[in-house]
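Report on one structure; see the data block that follows.
Both ligands and their constituent atoms are indexed starting at 1 by order of listing. Nothing fancy with the numbering, it's 1 onward along the sequence.
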Amino acid sequence: MMQTSIKTATDNAFLLSIIVPVFNEQEVLHEFYRRLTGVLDGIDAIIDIIFVNDGSTDYTLLQLQKFQANDPRISILDLSRNFGKEIAMTAGLDYVRGDAVIIIDADLQDPPELIPQMIEEWRQGFDVVYAQRRSRTGESALKKTTASLFYRIMQRISRVRIPIDTGDFRLLSRRAVDALAGLRERHRFMKGLFAWIGYPQKAILYDRDARYDGASKWNYPALWNFALEGITSFSTLPLKVATYLGTFTAFGAFLYGLFIIFQTLFFGNPVAGYPSLLVVVLFLGGIQLMALGVIGEYLGRMFDETKGRPLYLVKDYLPAVTGKKNDS
Ligand code: UDP
Ligand code: MG
């Protein structure tokens with residue numbers, strides 16, 4: 001699997017690996033490839049582009065094979081089915097060998113033009129260089145608001161600092177990639193994992209474009225699950241909330257009980273109170289179910305982790321023919 005780079009004694013070229021997770025991206029691949037290679041051709045490095053085909057059901061794989069036939073820098077990692085972007089990125093990270101590794105979306109929402117700047121920061125010694133959105137166009141106000149709210153809440157409740165307004169577009173140093181390789185949890189909230197590893201990190205600001213073509217693979221239920229994944233992977237605060245809420249309610253009920261005892265003692269009991277009884281019962285029932293649900297979210301994830309299944313299965317790995325150095 002390893003093919004060593006064809007460095008000569010005179011050049012200081014490094015191996016730059018690009019990871020592109022793709023899932024049904026036939027509409028954008030050509031333009032993406034054109035823009036990416038346009039940028040890469042100006043970089044003094046040995047380049048290796050790995051497309052991770054995440055179970056596409058359209059002509060994506062065919063197109064990738066056509067690219068590969070004409071470009072010896074391209075590898076294709078074909079997963080056995082759709083595993084989701086987080087896993088697809090992980091698979092890519094497992095296979096790349098670069099000294100610097102870049103993860104980029106295929107839909108051109110991550111401008112490849114930022115890559116030289118990322119490399120510059122990496123040369124300055126940063127292990128993780130992430131692109132932070134100054135703005136995002138082509139997305140609904142609702143998506144922007146919910147996304148921004150989510151990242152702000154995450155930042156509040158989690159133990160690691162997950163940078164706000166940041167996607168997966170980033171450069172990772174070799175030691176950052178190696179560190180990530182050691183984190184094998186199934187429920188992968190990659191943005192959290194990137195932050196968890198620590199090391200010197202640097203943000204680059206950019207304006208996020210709209211998707212070039214095709215449709216986003218996200219919908220609101222998927223985003224909700226993504227948010228749950230983020231919260232449960234990086235915070236146990238909801239578990240604590242359940243405890244405090246329970247304690248608080250029980251304490252309230254105790255005070256109310258005292259109140260009723262005194263009321264009965266001093267004013268007698270006129271046997272009303274059926275509505276208030278019902279309210280209290282329903283309220284407590286609701287709180288209990290909610291707390292159970294929270295516990296269930298964590299328990300279900302523990303169940304998944306204990307099964308210890310591999311994160312993904314590979315159908316085919318078509319490695320690059322050779323690492324090619326630009327303009328030499
Ligand atoms: N993607 C993937 N597997 C999936 C969904 C998406 O590999 O199950 C890829 C997709 O092809 C694209 C990137 O992940 O390159 C981002 O996907 P998308 O544009 O749908 O996400 P958004 O930009 O809306 O967050
Ligand atoms: Mg996108």
Side-chain angles (χ1 to χ4, degrees), residues 18-36 49-64 67 74-96 101-112 114-115 130-133 135-151 154 162 164-170 186-192 194 206-227 229-230 311-315:
I18 315 279
I19 299 176
V20 195
V22 283
F23 174 53
N24 293 348
E25 296 288 5
Q26 58 182 11
E27 297 92 352
V28 302
L29 273 182
H30 266 108
E31 180 61 15
F32 170 74
Y33 179 69
R34 194 187 63 76
R35 256 178 73 185
L36 179 70
I49 308 171
I50 179 162
F51 284 95
V52 183
N53 179 33
D54 188 18
S56 300
T57 50
D58 62 359
Y59 291 110
T60 296
L61 183 61
L62 206 68
Q63 276 187 357
L64 293 178
F67 291 156
I74 292 185
S75 310
I76 303 172
L77 185 62
D78 192 20
L79 301 186
S80 66
R81 63 170 169 86
N82 178 261
F83 284 92
K85 184 187 177 190
E86 313 283 306
I87 300 277
M89 287 191 285
T90 307
L93 286 168
D94 288 344
Y95 275 74
V96 290
V101 175
I102 286 179
I103 302 176
I104 185 169
D105 283 1
D107 60 3
L108 289 169
Q109 284 195 288
D110 301 336
L114 283 187
I115 293 175
Y130 54 89
Q132 196 162 43
R133 295 182 282 265
S135 68
R136 47 205 298 186
T137 43
E139 291 183 271
S140 69
L142 184 63
K143 176 151 183 199
K144 281 188 221 174
T145 328
T146 47
S148 130
L149 195 69
F150 169 69
Y151 288 110
M154 273 310 287
I162 297 172
I164 52 169
D165 296 330
T166 301
D168 296 312
F169 183 28
R170 64 190 66 220
R186 302 198 52 72
H187 289 273
R188 307 183 74 74
F189 181 65
M190 289 300 279
K191 293 183 216 326
F194 291 139
Y206 77 113
D207 299 301
R208 188 161 170 90
D209 292 328
R211 216 170 206 287
Y212 178 73
D213 201 348
S216 169
K217 312 298 179 293
W218 292 101
N219 46 32
Y220 279 99
L223 282 172
W224 168 249
N225 283 329
F226 179 73
E229 208 71 86
L311 294 178
Y312 56 87
L313 291 175
V314 174
K315 189 157 70 189

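- Relative to atom 4 (C) of ligand 1, the option among Asp54, Asp110, Asp107 with the closest non-hydrogen atom is Asp54.
- Distance check: Asn82 CG to Asn53 CG gives 9.5 Å after rounding to the nearest 0.5 Å.
- Below 4.0 Å from some heavy atom of Glu25 lie the following atoms of ligand 1, by number and element: 10 (C), 11 (O), 12 (C), 15 (O).
- Under a 4.0 Å criterion applied to the non-hydrogen atoms of Ala106, ligand 1 contributes the atoms 15 (O).
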**Message:** Quick one, Asp78 with Val314, criterion side chain to side chain contact (heavy atoms under 4.5 Å, CB included). Give me CA distance, side-chain angles, the key distance, then yes/no.
**Reply:** CA-CA 6 Å; Asp78 192 20; Val314 174; 5.9 Å; no
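- Not one N or O of Ala88 is nearer than 3.5 Å to an N or O of ligand 1, by distance alone.
- Annotation: cation-pi geometry satisfied between Arg81 and Phe83 (NZ/CZ under 6.0 angstrom from ring centroid, within 45° of ring axis).
- Residues Val28 and Asp107 approach most closely at CG2-CA, 4.0 Å, considering heavy atoms.
- The structure places CG of Asn24 at 12.0 Å from OH of Tyr59, a figure rounded to the nearest 0.5 Å.
- With a heavy-atom cut-off of 4.0 Å, Lys85 touches ligand 1 through backbone and side chain alike.
- For the residues Ala147, Ala91, Pro21, the heavy atom positioned nearest atom 9 (C) of ligand 1 is part of Pro21.
- Each protein N/O/S atom under 2.8 Å from the Mg ion (ligand 2) was counted, for a total of 2.
- Taking the charged nitrogens against the carboxylate oxygens, Lys85 and Asp54 have no contact shorter than 4.0 Å, which rules out a salt bridge.
- A side-chain donor-acceptor contact under 3.5 Å links Asp94 and Tyr312.
- Atoms of ligand 1 lying under 4.0 Å from any heavy atom of Gln109, numbered from 1 in the order shown and given with element: 19 (O), 22 (P), 23 (O).
- One side chain, Thr90 or Arg188, offers a donor N or O that lies under 3.5 Å from an acceptor on the other.
- Between Thr60 and Val22, the shortest heavy-atom contact is CG2-CG2, 4.0 Å.
- Listed by number with element, the atoms of ligand 1 under 4.0 angstrom from any heavy atom of Val22 are 7 (O), 11 (O).
- At a heavy-atom distance under 4.0 Å, only side-chain atoms of Asn82, from C-beta outward, approach ligand 1.
- The shortest side-chain heavy-atom distance between Leu79 and Lys315 does not fall under the 4.5 Å cut-off.
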